[in-house]
There are 4 protein chains.
Amino acid sequence: MPRPRIEDAEDRLLSAGLNLFARLGTERVNSNAIARRARLGIGTFYSHFADKHALLREIQMRTLAGIRGARLDALATASDEPLEQVRASAEAVLRFARSHPEAYRVTFGRERAGASTHGPVVSESSRPIEKALRRLQAAGRIDTSLDPELAARAYLSMEVGTLLWWLEDPGRAEMSALVDTLARMHPALTRA
Amino acid sequence: MPRPRIEDAEDRLLSAGLNLFARLGTERVNSNAIARRARLGIGTFYSHFADKHALLREIQMRTLAGIRGARLDALATASDEPLEQVRASAEAVLRFARSHPEAYRVTFGRERAGASTHGPVVSESSRPIEKALRRLQAAGRIDTSLDPELAARAYLSMEVGTLLWWLEDPGRAEMSALVDTLARMHPALTRA
Amino acid sequence: MPRPRIEDAEDRLLSAGLNLFARLGTERVNSNAIARRARLGIGTFYSHFADKHALLREIQMRTLAGIRGARLDALATASDEPLEQVRASAEAVLRFARSHPEAYRVTFGRERAGASTHGPVVSESSRPIEKALRRLQAAGRIDTSLDPELAARAYLSMEVGTLLWWLEDPGRAEMSALVDTLARMHPALTRA
Amino acid sequence: MPRPRIEDAEDRLLSAGLNLFARLGTERVNSNAIARRARLGIGTFYSHFADKHALLREIQMRTLAGIRGARLDALATASDEPLEQVRASAEAVLRFARSHPEAYRVTFGRERAGASTHGPVVSESSRPIEKALRRLQAAGRIDTSLDPELAARAYLSMEVGTLLWWLEDPGRAEMSALVDTLARMHPALTRA
DNA sequence: AATGAATGAGATTTCATTCAT
DNA sequence: TATGAATGAAATCTCATTCAT
C-alpha cells in the first residue's frame with residue numbers, strides 16, 4: 001500500500017545514506033537501514049538506486065563536484081602567485097570539509113583493505129593539481145625534475161590524510177596551522 | 001576424522017589470507033575461502049584465528065614490524081644529516097613495499113568508506129616520525145612553528161598514498177624519483 | 001496527471017503480454033514489463049486486468065476460440081469421410097499455429113513442473129474430438145473397444161506436442177508430413 | 001549451531017522437493033519450504049544444490065534414468081515382434097508412472113507457459129524411439145514415408161499427455177486400455 | 001589437533017499492488 | 001481514465017560459526 005507522493009525521496013535517501021555511512025562505514029550499513037532511516041520502504045530505495053554502492057557513488061560525485069566548485073571559486077579570487085593559489089585552494093577544501101565533514105569522510109575515507117588505491121575518487125581530484133604543476137613548469141616557476149603526476153598524487157594523499165585526521169577532532173589544530181603545513185609541503189613551493 | 005598435525009598451518013593461513021585479501025579486498029574474501037586456499041579445513045582456521053579480522057590484524061602487525069625494522073636498519077646506517085635520514089627512511093620503506101606489495105597494500109589500503117581515518121595502523125607508524133621532528137626542533141634544525149603531530153600525519157599520508165599508487169604499476173615512476181619527491185616534500189626539509 | 005482515453009489500451013496490453021510471454025515465459029514476465037512494453041502506465045494495466053494471470057487467460061481464451069473457429073470452418077468444407085475430416089482439422093490447426101506461433105506457444109506451452117495436466121486449456125480442446133469419436137462409434141465406423149475420452153486426450157497431446165516441437169523450428173518438417181503423421185496416428189483411423 | 005551429521009541430507013532434500021513440486025508445482029515451492037520439509041537448515045539446501053532448479057533437474061534425471069531402465073528391461077524380455085515391443089515398452093512406462101506418480105508428474109508436467117517445448121527432458125526420451133523406428137524402416141517392417149524424428153516426438157507427446165491425464169485419477173482407465181490405445185496409435189503399428 | 005557438514009541470521013533483490021494526483 | 005512513485009511481503013542466497021567425529 002503506497003503512501004502519498006514523497007517529497008524528494010531521493011534526497012532523503014542520499015542524506016540518510018550519508019549519515020549512516022559516515023557513522024558506521026559502508027560495510028556496516030545496508031540498504032534496509034538506509035531506507036528505514038529515510039522513513040521510506042525498501043522498495044523505494046531500489047526504485048531510486050541500483051544498490052547501496054550506487055548511492056555511495058552518487059554521494060561521492062556530489063561531494064567531488066562541491067569541492068571542485070569551492071576550489072575554483074577560491075582560485076578565481078586569489079592572485080596568481082603560486083603561494084597564494086596553493087593557500088587559497090587548501091583553505092577552500094578545508095572550509096568545505098569542515099562544513100561537510102560527513103560528506104568528506106564518506107568520499108575520501110578508506111574503503112577496502114587490499115584495495116590498492118584511493119580509487120577513481122582520488123584520481124579525479126589529483127588531475128587538476130597535476131595540470132597546475134605542469135603549467136608552473138612550463139612557466140619556469142618550478143623545476144622540471146618533478147614528476148607532475150607523482151607530485152600531484154603525493155600532495156593529494158597528504159591533503160586527504162591530513163583532513164581526515166583533522167576531522168576526527170577539529171580541536172587538534174588551527175585551520176591556519178593546517179594551511180601553513182599543507183602549503184609548506186606543497187610540491188609547487190618546495191625545491192629539490 | 002582428525003588429521004596429523006599440519007606443518008605450519010598458521011603460516012599457510014596467513015599467506016593464503018594475504019594473497020586473497022590483496023587480490024579481492026577484505027569484503028570479498030571469507031574465512032572458508034582462506035581455509036580452502038590454504039588447503040585446510042575451515043575448522044582449522046578457527047582453531048588458529050578468532051575470525052577473519054584477527055587474521056587480517058596479524059598480517060598488518062607483521063607488516064608494520066617489518067617496515068619498522070627496515071626503517072631502523074636504514075637509519076642506523078645513514079649519517080644523521082636530516083636529508084640523509086629522510087632519504088634513507090623513504091628508500092627503506094619503498095624497498096619493503098616493492099618486495100612485499102601484497103602485504104603493503106593489505107596493511108595500508110583503504111578499508112571502509114566513512115571510516116574517518118587510516119586507523120590505528122597509520123597512527124602507529126606516524127609516531128616515530130613525530131618524535132624525529134620534535135628532536136630536530138629541539139636541536140634547532142627546523143623551525144618550531146611546525147606542529148610535529150600534524151606534520152608527521154601529513155607526511156605519512158603522503159608516503160602511504162604515493163606508495164599505494166606506485167604499487168598499482170611500479171613502472172609509473174623510478175624509485176629515485178619517488179625518493180626525491182618524498183624527500184622534497186618532507187616537513188623536515190621544507191620551511192615556512 | 002490523467003491522460004486522454006487511450007485507443008485500445010486493452011489490445012495493446014494483450015499483444016505486449018503475448019509477445020513477452022512467448023519470448024520469456026510466464027515466470028520471467030511481470031506486469032510492469034507488460035505495461036511498459038504497451039507504453040502504458042502500470043495503473044492502466046490494473047484497470048484492465050485483475051492481474052498477470054487474467055491477461056494470460058484472456059490470451060489463451062482468444063487463441064482457443066481462434067483454433068475452434070478454424071477447425072470448424074475446415075470441417076464444414078471437408079467431406080464427412082473420417083480421413084478427410086481428420087486431415088482437414090489437423091491442417092487447420094497447423095495453419096493457425098504457423099500464423100500465430102506466439103499465441104499457440106503461450107496457450108499450449110508447458111507451465112509448471114509438477115502440474116499434473118495440460119490444464120483446462122487442453123481439456124476444453126479435447127472435448128470436441130471426444131464427441132466426434134463417439135459419433136463415429138455410434139455410426140459403426142470405428143470399433144467400440146476404444147475409450148473415446150482417453151483416445152481424444154491421447155490424440156490432442158500428440159497434436160499439441162508435435163506442433164510445439166515444430167514451431168521451435170518450422171524447417172524441421174513439411175506441413176504435409178505433419179498432417180500425414182498426425183492423421184496416420186489418429187485414433188479414428190487406426191484399429192486395434 | 002550445527003546438528004549432528006545428518007544421514008543423507010541430499011536424499012532428504014530430493015524427496016522433500018519431489019513431494020512439494022508434485023503437490024504445488026515448481027513456481028509455488030521455494031528453497032526454504034524444501035529445506036523445512038526435509039527438516040534441514042536453508043544453508044544445508046544450498047550446500048547441496050546450487051538452487052531450486054538444480055534440485056528439480058536432479059529429480060528429473062533420476063526419473064528419466066529409472067524409466068529408461070524399466071523400458072530396456074521390458075524390451076529385453078519381450079519378443080522382437082514390433083507389437084510386442086511397443087506394448088512391453090508402454091506397459092513398462094505405465095507401471096513406472098503408477099508406482100512413482102510424483103516423479104513422473106514432476107518430470108513431465110508442464111513447466112512454463114510460453115516455453116515452446118517439453119524441453120530437454122522430452123528430447124532425451126524421444127531419441128530411443130526415433131532409433132527404433134529407423135531400425136524398423138531399415139528392416140523394411142515399416143514404410144519409409146514416415147519421418148522418424150517427427151513420429152517419435154508425436155508418439156512421446158501422446159504417451160506423456162496420456163499418462164499425466166491418467167495419473168490425475170488412475171480410476172479413469174484400465175491399464176490394459178491404456179496400453180491398447182497407445183499401441184494402436186504407435187507409428188510403428190500404423191500405416192499411411 | 002583437524003575436519004567439514006550443518007546452521008540460520010541477515011543481506012539483497014523482485015514485483016504485484018495500491019492510490020493520490 | 002490514466003498515471004507511476006511508493007510499498008513491503010517474500011524469495012534468493014551468503015557466510016561466519018559450531019561441534020560431533
Practice task
At under 4.0 Å between heavy atoms, which parts of nucleotides 9-16 of chain E does protein reach? Answer with one letter per nucleotide, 5' to 3': B base, S sugar-phosphate only, - none.
Solution key: B-SBBBSB
Handout entry: Under the 3.5 Å Watson-Crick or G-U criterion, the dot-bracket string of DNA chain F, with | for inter-strand pairs
Key = .||||||||||||||||||||
In whole angstrom, what separates [X]'s [atom1] from [N]'s [atom2]?
X: C/F49; N: E/dT17; atom1: CZ; atom2: C1'; answer: 16 Å
X: D/E10; N: E/dG4; atom1: CD; atom2: P; answer: 17 Å
X: A/D8; N: F/dA5; atom1: CG; atom2: C1'; answer: 13 Å
X: B/L13; N: E/dT3; atom1: CG; atom2: P; answer: 10 Å
X: B/H48; N: F/dT17; atom1: NE2; atom2: P; answer: 17 Å
X: C/I34; N: E/dT17; atom1: CD1; atom2: P; answer: 12 Å
X: B/F45; N: F/dT17; atom1: CZ; atom2: C1'; answer: 11 Å
X: B/L55; N: F/dA16; atom1: CG; atom2: C1'; answer: 14 Å

Handout entry: Distance-minimising heavy-atom pair for A/R105 and A/A22
Key =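 Closest approach of A/R105 to A/A22, heavy atoms only: NH2-O, 3.3 Å.
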Exercise for the section: Test B/R62 against B/L14 for side chain to side chain contact (heavy atoms under 4.5 Å, CB included), laying out the working first. Expected result: CA-CA 10 Å; B/R62 291 184 180 207; B/L14 282 166; 3.3 Å; yes
If we ignore hydrogens and angles and just use 3.5 Å, is the side chain of [X] paired with the main-chain N or O of [Y] as donor and acceptor?
X: C/T107; Y: C/A103; result: yes
X: B/R37; Y: B/A16; result: no
X: B/K52; Y: B/V29; result: yes
X: A/E10; Y: A/H48; result: no
X: A/D8; Y: A/D11; result: no

Practice task
Answer whether the closest heavy-atom distance between the side chains of D/I67 and D/S125 falls below 4.5 Å.
Solution key: no
Exercise for the section: Could you walk me through whether C/L13 and C/F45 pass side chain to side chain contact (heavy atoms under 4.5 Å, CB included), step by step? Expected result: CA-CA 7 Å; C/L13 287 166; C/F45 179 97; 3.8 Å; yes
Problem - Position toward the 5' end of DNA chain F (nearest nucleotide), C/G41 or A/S47 - result: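 On the 5' side of the pair lies C/G41.
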